[in-house]
Undergrad: 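Have a look at this one.
Values below: every heavy atom of this structure, side chains too, minus hydrogens, waters and symmetry copies.
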There are 2 protein chains.
Amino acid sequence: MRVSLKDVAEHAGVSVKTVSNVVNKYQHVTPATRHKVQQAIDVLGYRPNPTARHLRKGRTGILALAVPELGNPYFAELAGAVVDAAAEHDYTVLLDHTQGRRDRELLVAQGFRTRVIDGLILNPLELEAEDLAARTDEVPLVLIGERRYDLPYDHIAIDNVAAARTAVRHLLDIGRRRIAFVGARRDRPSRPAHLRLLGWQTELAASGLAADDALVGRVEGWERADGAAAMAALLDSGQRPDAVFAYNDLVAIGAMRLLAERGLRVPQDVAVVGFDDLTEGRYGMVSLTTVAPDKRAIARLAVESVVLRIGGGAGAPEGPRQLRPGFRLLERESTLGRPDG
Amino acid sequence: MRVSLKDVAEHAGVSVKTVSNVVNKYQHVTPATRHKVQQAIDVLGYRPNPTARHLRKGRTGILALAVPELGNPYFAELAGAVVDAAAEHDYTVLLDHTQGRRDRELLVAQGFRTRVIDGLILNPLELEAEDLAARTDEVPLVLIGERRYDLPYDHIAIDNVAAARTAVRHLLDIGRRRIAFVGARRDRPSRPAHLRLLGWQTELAASGLAADDALVGRVEGWERADGAAAMAALLDSGQRPDAVFAYNDLVAIGAMRLLAERGLRVPQDVAVVGFDDLTEGRYGMVSLTTVAPDKRAIARLAVESVVLRIGGGAGAPEGPRQLRPGFRLLERESTLGRPDG
DNA sequence: GTCGGCTTGTACAACGTTGGAAACGGGGAC
DNA sequence: GTCCCCGTTTCCAACGTTGTACAAGCCGAC
């Protein structure tokens with residue numbers, strides 16, 4: 001059976017509280033008592049029961065991270081970084097994936113697993129502002145990811161518009177002029193890919209180029225298959241872009257695969273830039289130029305934010321904060337050199 | 001403040017236990033009382049406190065899954081499947097990654113987070129049998145992954161030897177004869193990749209071919225970069241294989257990347273088979289033939305096994321079980337057709 | 001009308017821990 | 001020798017829940 005404080009106390013001939021004091025390194029315990037208790041602990045192999053401790057203290061030491069899809073390498077890599085960052089604060093991470101479905105995101109936000117967790121880091125895709133506004137659960141929440149809500153929650157995300165502009169700027173710099181954006185949502189044009197689409201439009205406009213809607217490839221999701229499908233549709237519509245800025249690396253990889261099937265060379269015929277810096281992008285037949293968000297910084301800031309809010313708010317910043325970790329453009333083979341012909 | 005059973009009881013004018021009975025759908029409660037209590041619950045927005053419940057019941061409803069690296073898509077996809085399988089049994093999953101380091105694996109096995117979790121699913125890489133034999137923690141443990149230990153724990157893994165033989169058989173069937181194995185460990189020849197290496201040897205021997213040690217590419221790890229490095233070393237040593245069977249898809253992808261850099265065509269010059277069926281493998285410039293372990297089955301069996309053991313053993317099988325989920329060979333472009341020349 | 005049996009609800013204790021107040025005991029000051 | 005103080009330890013209650021034992025109420029049967 002399990003060993004409890006009581007067992008140790010009996011074995012050492014002291015009270016339960018004294019054992020608790022030793023375990024918790026309470027100052028006023030005589031060396032003799034401490035030693036006696038410590039020995040009993042060692043002999044019996046006592047280990048504190050976190051559940052009871054948590055009940056008493058009202059905290060569990062567990063953070064939840066909810067991302068759309070663990071099978072997506074971006075979120076997997078991010079999750080790994082969050083686990084590490086949480087460990088630095090003595091927190092453990094409970095992972096959930098919502099499959100980007102609004103009902104599941106809602107369930108998570110509403111505290112489906114409330115009270116097992118001390119705080120929640122959520123990356124919503126489909127969740128609406130009103131869903132979040134109606135949230136009643138008191139567990140501290142911080143948001144990550146591209147979607148922005150005007151709500152009293154900290155939000156951690158890179159400056160997506162600036163990052164997208166950097167990517168498009170790079171394509172312009174290497175002489176491309178018919179730059180497609182692949183990865184806008186088909187159904188709701190203004191949803192998630194919004195900011196990167198805006199960055200694309202803005203940078204083109206800043207260079208005096210029109211952001212032609214015919215050069216926008218629309219998708220159902222942001223997996224590799226979606227990128228391939230959108231690229232196919234774009235080519236089939238008669239467009240002949242000399243560059244593609246993709247919503248993310250997966251979409252870019254799908255698009256590159258399709259370009260190859262159609263006999264178009266990357267980068268000679270079509271340069272490609274992705275977003276996320278997946279390790280995968282480095283090892284394709286043509287390595288992928290990409291915008292690399294600082295994932296470790298995102299994870300660190302998210303964990304720090306939520307941990308700050310957990311203390312009951314003592315020392316926590318007043319209003320919601322917008323935190324903007326950095327990003328870099330990593331130039332690789334997919335944008336090497338000026339266009340052929 | 002938080003609402004507890006007591007608050008609901010006062011509001012409804014009944015005892016705490018009656019509220020508990022309603023919450024737990026205990027049969028013998030009159031509709032009138034039930035309704036009254038339910039209304040109080042709704043008004044106050046009561047939600048049970050799992051921590052207290054768990055303290056009382058001795059279970060937490062949390063399973064831990066420890067894999068080497070979440071950034072590795074295979075483990076990420078597997079983790080996703082485990083989360084889903086656990087949800088079917090009303091369990092939540094706590095994720096940990098050990099980075100394949102023995103000390104971290106040991107920490108996890110020893111119950112680093114004991115008692116927050118009801119059961120542990122562990123995929124060890126470096127852990128030794130004696131480490132596990134010395135385990136004192138009573139939390140039920142099941143093992144997944146390629147390593148086999150002769151210990152009283154359930155083990156879930158596909159038949160790696162048979163799977164490897166299937167892959168090699170396929171390469172033989174399409175006319176390849178100089179088949180390399182890429183992904184044996186450099187430092188300890190008999191460690192993890194062991195079984196797949198054995199399958200390679202066995203199938204070659206069964207066809208009357210020698211398993212030439214010069215055709216074994218050795219690695220430090222099993223990432224894409226390791227595959228590329230091992231492939232480079234193999235070619236630099238003067239070998240000219242007409243096929244590669246890689247330890248896993250990541251190694252295969254790294255190897256393919258290097259083959260392309262050296263001007264060798266896949267599959268015409270070198271056919272390649274991987275292992276894991278990563279989505280990534282489908283979207284390279286040349287899609288990758290691979291051995292696809294049934295990840296959902298692995299996840300399901302692992303969760304079922306550990307859940308069985310949690311009940312205190314009632315109804316649980318006596319001894320340790322070896323469970324062998326299935327696998328399939330998925331033929332794609334990287335092994336299309338007979339060799340050129 | 002009384003009894004037995006069943007249904008419904010209550011009281012109490014317990015899970016293992018920790019905060020706070022009270023009790024204890026030893027040592028120094030007078 | 002007595003008193004007081006302070007450091008140390010113990011006692012009690014509480015966190016929120018549920019299992020067990022039992023009391024109360026109701027019904028029909030004899």
Undergrad: Using the ring pair (Phe, Tyr, Trp, His ring centres under 6.0 Å) rule, collect all pairs that involve residues 7-44 of chain A, keeping only residues at least two apart or in two chains.
TA: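 Sorted result for residues 7-44 of chain A: Y26(A)-H28(A).
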Undergrad: Just the atom pairs and distances: protein N or O near nucleotides 13-15 of chain C's N or O, under 3.5 Å.
TA:
residue, atom, partner, partner atom, Å
dA14(C), N3, R56(B), NH1, 3.3

Undergrad: Taking only residues two or more places apart in sequence, or in another chain, which ones meet Q38(B) in a side-chain hydrogen bond (donor to acceptor under 3.5 Å, both in side chains)?
TA: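 In terms of side-chain hydrogen bond (donor to acceptor under 3.5 Å, both in side chains), with neighbours along the sequence ignored, Q38(B) is linked to D42(B).
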Undergrad: Starting from the first five and the last five pairs of the helix from dG1(C)-dC30(D) to dC30(C)-dG1(D), work out the angle between the resulting helix axes, to 10 degrees.
TA: 70°
Undergrad: Who passes side-chain hydrogen bond (donor to acceptor under 3.5 Å, both in side chains) against R34(B), sequence neighbours left out?
TA: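 By the side-chain hydrogen bond (donor to acceptor under 3.5 Å, both in side chains) rule, R34(B) matches no residue at all.
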Undergrad: How would you list, by chain and number, every residue that makes a side-chain hydrogen bond (donor to acceptor under 3.5 Å, both in side chains) with R296(A), sequence neighbours excluded?
TA: D84(A)
Undergrad: Listed by chain and number, what are the side-chain contact (heavy atoms from CB on, under 4.5 Å) partners of L301(B), not counting sequence neighbours?
TA: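 Scan of L301(B) (side-chain contact (heavy atoms from CB on, under 4.5 Å), adjacent residues dropped) gives I156(B), E304(B), L323(B), P325(B).
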Undergrad: Can you pull out the residues from residues 7-19 of chain B that lie within a 4.0 Å heavy-atom distance of DNA chain D?
TA: V16(B), K17(B)
Undergrad: Pull out every residue in residues 20-28 of chain A that has a heavy atom closer than 4.0 Å to any atom of DNA chain C, ordered by number, or say none.
TA: S20(A), N24(A)
Undergrad: Verify the contact: side-chain N or O of R53(A) to OP1 or OP2 of dG16(C), cut-off strictly under 4.0 Å; return yes or no.
TA: no
Undergrad: Find the distance R59(A):CZ to dG16(C):P and express it as a whole number of Å.
TA: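 Computing the R59(A):CZ to dG16(C):P distance gives 23 Å.
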Undergrad: Filter on salt bridge (charged side-chain N to carboxylate O under 4.0 Å, His left out), then keep only pairs touching residues 13-23 of chain A, sequence neighbours left out; what's left?
TA: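 Qualifying pairs: none.
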Undergrad: Could you list the residues that satisfy side-chain hydrogen bond (donor to acceptor under 3.5 Å, both in side chains) with E130(B), not counting sequence neighbours?
TA: none
Undergrad: For residues 64-82 of chain B, which side-chain N or O atoms pair as donor and acceptor with protein atoms under 3.5 Å away, sequence neighbours left out?
TA:
residue, atom, partner, partner atom, Å
E69(B), OE2, G71(B), N, 3.4
N72(B), OD1, Y74(B), N, 2.9
E77(B), OE1, K295(B), NZ, 2.9
E77(B), OE2, T279(B), OG1, 3.3

